Q: 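My structure is below; once you've seen it, I'll send some questions.
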Amino acid sequence: MQIATWNVNGIKARIEGLLAWLDDVRPDIVCLQEIKSVDEGFPEHLFAERGYNVATHGQKSFNGVAILSRHPFDETSARLPGDETDEQARFLSATISTRDGALTVASLYCPNGNPLGTEKFSYKLGWMERLEAHVRGLLAEETPFVLAGDYNIIPEPIDARRPEAWVDDALFQPESRAAWRRLLGLGLVDALRATSDAGDLYTFWDYQAGAWQKNNGIRIDHALLSPQAADRLASVVIDKRVRGWERPSDHVPLIVELDIAAR
DNA sequence: ATGGCTGCAGGATGCAGA
């Protein structure tokens, strides 16, 4: 079972490239972030005709997450629990049936948090605390799950080509990195780091200042696996080809393969 | 670099992103 995550930075702007990528890779499940579309504006039929079920949690202009799945959803759930007043569309989870029982996959778009010293940074940290609380509940169920998305956190210096350039950025703050480490401390596994300790593994290159041409990238898109999912981890790939395509997103897909068969 | 691009809403340019 291949589970991918991709911050597409606008579904309308990326539909052509996304469809070409889907036809090429044909992953079982795709978690999308920053669709920047309301649910009604999401081109569901283009995915349905390729055999994908579609779940969206959209918002006008900003944010928005979606899940595409070649396997039927048993249930879907939008919004990260813990704050009923939070209107930002950043979390969607779905459960599918496998030969070994239920598998939960969540598409998440953690807040950016810049600039520091503003309510945006405290919102980021509060959101990560809510995610941690939600993860504690999921772990108690002892079923396999994958939390895939744009975490907007650079975990370690090796995850940036120029870590010194990010020290005053919300993505690389000690508090942000501590929130990430707390998730690992609960027993979640960083899929990419479970398969490689190499550098030069990035998922984002800024549009500005020739970041892609200079390989000035950062690793901020991640898949965290529950212990039961990590036991089935087969491979992890960052598909950086698409960053060189026409009109690219500034993020590229991360693809996790689990030795789990759909029912 | 002075975020140097990009997407979005809307119909000009401001906001958000990372």
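Here the structure is a predicted model, which is why all the values come from computation and not from measurement. So that the names make sense, note that chain A is the first sequence line, chain B the second, and so on, each numbered from 1. Reckoned from all heavy atoms, side chains included, excluding hydrogens, waters and symmetry mates.
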Q: We want to know whether His71(A) and Asp28(A) form a side-chain donor-acceptor pair, criterion being a heavy-atom distance below 3.5 angstrom.
A: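 Yes.
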
Q: Both Arg14(A) and Ala209(A) contact DNA chain B. Taking the nearest nucleotide for each, which residue is further toward the 5' end?
A: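 Going by which nucleotide is closer to the 5' end, it is Ala209(A).
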
Q: Nearest whole Å is fine: how far is dT6(B) C1' from Trp245(A) CH2?
A: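 These atoms are roughly 19 Å apart.
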
Q: Does Arg247(A) have a side-chain nitrogen or oxygen under 4.0 Å from the phosphate oxygens OP1 or OP2 of dG7(B)?
A: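 Yes.
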
Q: When the C1' atoms of dG7(B) and dA12(B) are considered, how many whole Å apart are they?
A: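 16 Å, rounded to whole Å.
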
Q: If a protein heavy atom is under 4.0 Å from the base, mark B; if only from the sugar-phosphate, S; if neither, -; do that for nucleotides 10-18 of chain B going 5' to 3'.
A: S-----SSB

Q: Going through the distances and angles, do Asp74(A) and Thr95(A) end up as a side-chain hydrogen bond (donor to acceptor under 3.5 Å, both in side chains)?
A: CA-CA 5 Å; Asp74(A) 290 336; Thr95(A) 300; over 6 Å; no

Q: For residues 134-145 of chain A, which residue pairs qualify under side-chain hydrogen bond (donor to acceptor under 3.5 Å, both in side chains), counting only residues two or more places apart or in two chains?
A: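 For residues 134-145 of chain A: Glu132(A)-Arg136(A).
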
Q: When you compare the side chain of Thr56(A) with that of Leu32(A), does any pair of heavy atoms fall below 4.5 Å?
A: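 No, too far: nothing below the 4.5 Å cut-off.
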
Q: For the C1' atoms, the ones on dG3(B) and on dA16(B), what distance do you get once it is rounded to whole angstrom?
A: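 Result for the C1' pair: 13 Å, nearest Å.
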
Q: Would you indicate what Ala13(A) reaches in the nucleic acid, counting non-hydrogen atoms under 4.0 angstrom: base, sugar-phosphate, or nothing?
A: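 Sugar-phosphate contact only - Ala13(A) comes under 4.0 Å of backbone atoms but never of a base.
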
Q: When rounded to the nearest Å, what value does the distance between P atoms of dC8(B) and dA18(B) take?
A: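 To the nearest whole Å, 14 Å.
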
Q: My understanding is that only one of Phe204(A), Tyr202(A), Trp180(A) makes a ring pair (Phe, Tyr, Trp, His ring centres under 6.0 Å) with His222(A); could you say which?
A: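 Considering Phe204(A), Tyr202(A), Trp180(A), a ring pair (Phe, Tyr, Trp, His ring centres under 6.0 Å) with His222(A) is found only for Trp180(A).
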
Q: With P as the reference atom in both, quote the distance from dG10(B) to dC5(B) in angstrom, rounded to an integer.
A: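 dG10(B) and dC5(B) have their P atoms separated by 26 Å.
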
Q: Nearest whole angstrom, please: distance from the C1' of dA1(B) to the CZ of Arg162(A).
A: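 Taking CZ of Arg162(A) and C1' of dA1(B), I get 12 Å after rounding.
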
Q: Who pairs with Asp221(A) by side-chain hydrogen bond (donor to acceptor under 3.5 Å, both in side chains), at least two apart in sequence or on another chain?
A: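 So Asp221(A) forms a side-chain hydrogen bond (donor to acceptor under 3.5 Å, both in side chains) with Thr203(A), His251(A).
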
Q: When the P atoms of dG4(B) and dG14(B) are considered, how many whole Å apart are they?
A: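 It works out to 14 Å between them.
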
